[in-house]
Protein chains: 2
Amino acid sequence: MAKRRADGLSKEVIVQAAAAILDDGGEAALTFRALTARLSTGYGAIYHHVANKSDLLAAATDAVIARVMADAVVEDEPREALRTVSLGLFDAIDAHPWVGAQLSREPWRPALLEVYERIGGLLVALDVPEQALFDAAGALVNYVLGVAGQNAANARLLATDRSAFLGDVAAQWAALDPERYPFVHRAATQLREHDDREQFLAGVDIFLAGIATLH
Amino acid sequence: MAKRRADGLSKEVIVQAAAAILDDGGEAALTFRALTARLSTGYGAIYHHVANKSDLLAAATDAVIARVMADAVVEDEPREALRTVSLGLFDAIDAHPWVGAQLSREPWRPALLEVYERIGGLLVALDVPEQALFDAAGALVNYVLGVAGQNAANARLLATDRSAFLGDVAAQWAALDPERYPFVHRAATQLREHDDREQFLAGVDIFLAGIATLH
DNA sequence: ACCTGAACACCGTTCAAGT
DNA sequence: ACCTGAACACCGTTCAAGT
């Protein structure tokens with residue numbers, strides 16, 4: 001009765017539409033009703049290509065990560081390459097916050113294979129000894145995904161007015177009793193000015209410095 | 001008509017009941033219907049003490065983190081104390097996986113104040129220089145919460161049969177083309193045997209080693 | 001094989017009414 | 001002030017029926 005799609009549906013078309021909805025309105029906006037409306041189709045058509053909502057989210061996440069890894073330029077210097085790959089993941093998750101949430105829910109996605117391979121290979125190039133290699137790779141990947149996810153959640157929370165929100169938190173921190181909370185009290189100033197991306201990179205550098213001591 | 005509670009309700013009672021439901025059945029199990037049943041009350045009674053479901057989850061999370069920090073014994077040696085606090089958080093999030101998910105959704109919780117204060121103070125005791133102090137604290141807290149959250153998601157996924165699942169993933173990894181995926185191919189053996197808790201601690205140690213180079 | 005859309009079994013949240 | 005529970009506006013998912 002209603003206008004029907006001329007072209008056939010495919011999992012890829014559905015996944016791209018889902019990603020667009022997620023980017024526009026966040027996780028809450030992705031409903032099968034919104035998806036059928038956007039694709040001018042019915043529920044069954046979608047379920048014919050996708051097992052369920054969880055499968056859809058997973059596929060959309062894989063697509064984003066796969067693109068990041070494909071786009072990441074290869075550099076010679078392993079330390080610099082590690083920073084570049086890390087930043088690429090950080091920025092992608094910042095741009096698509098739902099990816100961060102999804103990865104912290106389902107950490108064993110095929111897309112992460114590429115991430116492990118790249119980062120592991122670069123650690124090998126850094127001469128990390130065999131017995132520490134897998135711990136180092138696991139820790140670094142976890143750091144990158146964990147911090148990027150946290151940052152993305154943050155960014156979403158602060159989307160409306162970042163500086164006002166951080167200003168509030170900083171004011172609360174500054175108002176704390178300096179006897180009881182000396183560190184947080186001092187940190188209040190830094191909080192207002194700090195750059196998430198720079199702090200992320202600083203963390204990567206600390207990590208790489210720690211890895212360098214493993215020889 | 002139905003049996004009514006003899007004692008009055010309070011936010012604390014509600015939060016504890018919510019935590020118990022979350023521990024028993026995971027995030028999907030926490031519904032207002034399950035909560036009213038457990039507390040022998042109505043929806044309005046709960047909404048009288050709690051703003052909404054998000055508020056409830058946040059309060060339950062704060063309660064768990066607050067207890068970890070209260071229980072964590074103070075040690076003299078700062079490096080050892082940092083490991084102890086980190087492990088305490090890791091174990092708590094492992095025991096209450098929903099805490100990890102919640103913290104990655106709302107990272108600015110009051111309970112984290114204690115975490116930052118403790119970890120920041122210990123970094124000061126380690127003579128981390130002023131200008132690197134806040135980056136180091138932020139990175140370490142993020143690492144701990146990020147990895148613990150990932151691990152908890154994992155644990156939930158693997159709840160039914162951990163070794164079978166890891167065995168499957170390891171088999172898939174081992175079956176990969178060693179030319180295309182040399183690192184992951186090699187990592188397959190390690191994956192089957194690795195201990196999440198030990199790998200987490202290894203990451204903390206790498207971090208602390210990196211921080212030691214900041215002098 | 002692929003698609004449609006009414007229907008089902010859930011949700012969180014509200015609110016008039018009770019004590 | 002505190003509590004009750006029917007009702008509302010949503011969900012994801014199913015499935016008989018269509019092409």
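All values below come from the heavy atoms of this structure, side chains included, with hydrogens, waters and symmetry mates left out. To find a chain, count down the sequence lines: A is the first, B the second, and so on, and within it residues start at 1.
Rounding to whole angstrom units, CG of residue Leu30(B) and P of dG12(C) are separated by 7 Å. Counting to the nearest Å, the C1' atom of dT4(D) and the CZ atom of Phe32(B) are 15 Å from each other. Going from atom CG of Asn52(A) over to atom C1' of dC15(D) covers 17 Å, rounded to whole Å. If you take NE2 of His48(B) and C1' of dA16(C), they are 15 Å apart, rounded to a whole angstrom. The distance between atom NZ of Lys53(A) and atom P of dT14(D), rounded to the nearest whole Å, is 14 Å. Atoms OH (Tyr43(B)) and P (dC10(C)) sit 12 Å apart, rounded to a whole Å. Between the CZ atom of Arg33(A) and the P atom of dC10(D) there is a distance of 10 Å, given to the nearest Å. Between Leu39(A) atom CG and dT4(C) atom C1' the separation is 14 Å, expressed in whole Å.
The closest donor-acceptor contact from the side chain of Arg118(B) to the backbone of Val85(B) lies at 3.5 Å or more, if one exists at all.
Side-chain N/O atoms of His49(A) include one lying less than 4.0 angstrom from OP1 or OP2 on dC3(C).
Contact check for Phe200(B) versus Ser86(B): side-chain heavy atoms found under the 4.5 Å cut-off.
A tilted orientation is assigned to the rings of Trp173(B) and Tyr116(A), their planes being inclined by 30° to 60°.
Using a 4.0 Å cut-off between a side-chain N of Lys or Arg and a carboxylate O of Asp or Glu, Glu117(B) and Arg186(A) do not qualify as a salt bridge.
Residue-level contact check: Ile46(B) touches neither bases nor backbone, having no heavy atom under 4.0 Å from any strand. No contact: Leu56(B) has no heavy atom under 4.0 Å from any strand.
Base pairing of dA1(D) is made with dT19(C), judged by Watson-Crick or G-U wobble geometry with both donor-acceptor distances under 3.5 Å. Pair check for dG12(C) finds dC8(D); Watson-Crick or G-U wobble, both atom distances under 3.5 Å.
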